[in-house]
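Side chains are part of it too, since the values below use all heavy atoms of this structure and drop only hydrogens, waters and symmetry mates. Chain letters run A, B, ... following the sequence lines, proteins first, then strands; residues in each count from 1.
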Amino acid sequence: MNHDFYARDVRAVARELIGAVVRHGECAGMIVETEAYHESEPACHAFVGLTARTRTLFGPPGYAYVYRSYGIHALLNAVSEPAGVGAAVLIRALEPLDGIELMRSRRGVDQLGELCSGPGKLTQALGIELEHNGCDLLAGPVTIEPPSSWVPAPVVASERIGITRAVELKWRFTLAGSRYVSRPRPR
DNA sequence: GTATGGATCTTCT
DNA sequence: GAAGATCCATACA
């Protein structure tokens with residue numbers, strides 16, 4: 001995996017990140033759900049153009065875009081497409097792999113399926129905060145690694161969740177049959 | 001099981 | 001001053 005992996009169509013990157021592993025410190029999880037966002041559609045923060053907030057989105061690919069959602073949660077994205085194009089992949093859910101006890105204590109719940117089954121949940125479980133905005137996803141401290149054993153993952157495309165604009169685009173990608181996605185069924 | 005509302009903060013108007 | 005790529009507690013069936 002290198003920065004060129006991210007310098008492509010954000011939808012291809014979102015689909016191919018299913019099965020990759022997000023790691024921060026001793027905690028890690030396999031990506032089972034992503035969504036693609038691109039400056040050409042109004043659900044994307046970069047739709048409004050280059051501002052102080054979106055400068056990471058327009059920056060070079062392979063970096064983390066972390067922002068605060070609803071005043072409470074930090075959401076993790078992987079900046080994609082070449083520099084100058086505002087696009088990113090939202091990491092929406094993980095299957096917990098390493099550091100599960102630490103995740104449990106951070107989240108305050110025991111159930112495996114409740115640790116990382118949502119974009120705000122997984123950042124809390126892994127200890128990812130706003131300070132990681134702009135972090136190099138190949139150098140860390142937050143990293144994304146290729147799958148340890150490559151098995152072709154059956155990926156399902158459906159409509160994105162929790163947005164009010166460009167709802168019709170099927171830019172959400174989930175690992176078929178996973179018990180760890182944020183919602184059991186696409187709507 | 002579904003439905004509703006509150007928490008809390010960054011950004012932009 | 002309002003909106004938002006969310007989560008959780010509570011209420012009710």
Side-chain angles (χ1 to χ4, degrees), chain A residues 6 9-11 13-15 17-18 20 22 27 29 31-59 61 63-81 85-96 103-135 137 142 144 155-175 179-187:
Chain A
Y6 296 96
D9 185 302
V10 68
R11 289 162 297 182
V13 177
R15 177 181 287 271
L17 278 180
I18 300 294
V22 178
C27 296
I31 300 174
V32 297
E33 178 176 347
T34 61
E35 285 178 0
Y37 288 87
H38 188 275
E39 64 182 32
S40 63
E41 44 88 14
C44 183
H45 291 172
F47 184 70
V48 299
L50 182 58
T51 66
R53 180 197 205 184
T54 60
R55 97 182 125 25
T56 310
L57 275 175
F58 285 92
Y63 289 77
Y65 169 54
V66 184
Y67 78 98
R68 188 161 306 291
S69 172
Y70 290 95
I72 300 191
H73 306 286
L75 268 53
L76 173 66
N77 300 250
V79 176
S80 298
E81 308 258 357
V85 180
V89 176
L90 171 67
I91 311 298
R92 281 195 59 92
L94 307 176
E95 177 177 332
M103 292 187 195
R104 284 196 170 113
S105 68
R106 281 175 174 149
R107 291 273 298 116
V109 295
D110 282 345
Q111 296 282 316
L112 259 193
E114 285 299 317
L115 292 180
C116 300
S117 56
K121 296 179 185 179
L122 70 92
T123 53
Q124 183 186 19
L126 296 208
I128 295 171
E129 255 303 335
L130 296 196
E131 64 192 47
H132 297 108
N133 186 40
C135 157
L137 290 173
V142 178
I144 297 181
V155 175
V156 180
S158 56
E159 288 154 3
R160 294 177 294 183
I161 288 177
I163 56 173
T164 57
R165 295 184 287 187
V167 177
E168 71 283 0
L169 298 177
K170 295 194 172 183
W171 287 8
R172 176 191 186 222
F173 301 94
T174 50
L175 179 62
R179 303 158 38 223
Y180 299 96
V181 298
S182 67
R183 292 188 195 179
R185 291 170 198 288
R187 180 153 306 198

**Prompt:** Which residue lies toward the 5' end of DNA chain B, A/L130 or A/I72, if each is placed at its nearest nucleotide?
**Reply:** A/I72
**Message:** Tell me whether the side-chain N/O atoms of A/H45 come closer than 4.0 Å to OP1 or OP2 in B/dT11.
**Reply:** no
**Asked** Whole-Å distance between B/dA7 C1' and A/Q124 CD?
**Response** 14 Å
**Prompt:** Please give, in whole Å, the distance from B/dT10 C1' to A/R55 CZ?
**Reply:** 13 Å
**Asked** What heavy-atom pair brings A/L75 and A/N77 nearest, and what distance separates the two atoms?
**Response** O-ND2, 3.6 Å
**Asked** Is A/Y70 stacked on the base of B/dA7, meaning ring centres closer than 5.5 Å and planes within 30 degrees of each other?
**Response** no
**Any A/R107 side-chain N or O less than 4.0 Å from OP1/OP2 of C/dC8** = yes
**A/L112 CG to A/Y180 OH distance, which is reported to the nearest 0.5 Å** = 4.5 Å
**Request:** Answer yes or no: does a side-chain N or O of A/S69 lie under 4.0 Å from OP1 or OP2 of B/dC9?
**Result:** no
**Request:** Give the rounded distance in Å between these two atoms: CG of A/L57 and P of B/dT10.
**Result:** 17 Å
**Message:** Counting only side-chain heavy atoms from C-beta out, which of B/dT11, C/dA5, C/dC8 sits nearest to A/T51?
**Reply:** B/dT11
**Message:** Can you confirm whether the side chains of A/R107 and A/Q124 place a donor and an acceptor under 3.5 Å from each other?
**Reply:** yes
**Request:** Please determine, for C/dA5, whether a Watson-Crick or G-U wobble partner exists with both distances under 3.5 Å, and give it or none.
**Result:** none
**Asked** Quick one: A/Y65 OH to C/dG4 C1', roughly how many Å, whole number?
**Response** 11 Å
**Nearest-angstrom distance from the residue atom OH of A/Y67 to C1' of B/dT8** = 15 Å
**Request:** Using atom types as modelled and distance alone, determine if a side-chain donor or acceptor of A/E35 lies under 3.5 Å from a backbone N or O of A/I161.
**Result:** yes
**Asked** Out of B/dT10, C/dC7, C/dA5, which nucleotide sits closest to the side chain of A/R68?
**Response** B/dT10
**Prompt:** Within this structure, what is the CD-to-C1' distance between A/Q111 and C/dC7, rounded to whole angstrom?
**Reply:** 17 Å
**Request:** Tell me which nucleotide among B/dC9, C/dT6, C/dA5 gets nearest to the side chain of A/H73.
**Result:** C/dT6
**Prompt:** For A/L75 and B/dC9, what is the distance between atoms CG and C1' respectively, to the nearest whole Å?
**Reply:** 13 Å
**Prompt:** Thinking salt bridges, do A/E81 and A/R11 make one under a 4.0 Å N-O criterion?
**Reply:** no
**Prompt:** Given A/R160, which of A/E33, A/E41, A/E168 fulfils the salt bridge (Lys or Arg N to Asp or Glu O under 4.0 Å) condition?
**Reply:** A/E41
**Message:** Rounded to whole Å, how long is the line connecting atom CD1 of A/I161 with atom P of C/dC7?
**Reply:** 10 Å
**Message:** Does the structure show a Watson-Crick or G-U wobble partner for B/dT8, both distances under 3.5 Å? Name it, or say none.
**Reply:** none
**Asked** Are any of A/R92's side-chain N or O atoms less than 4.0 Å away from OP1 or OP2 of C/dT6?
**Response** yes
**Request:** With heavy atoms under 4.0 Å as the rule, sort A/G120 into base, sugar-phosphate or nothing.
**Result:** sugar-phosphate
**Fill in**
Taking B/dT11, C/dC7, C/dA5 as options, the one with an atom nearest any side-chain atom of A/R53 is B/dT11
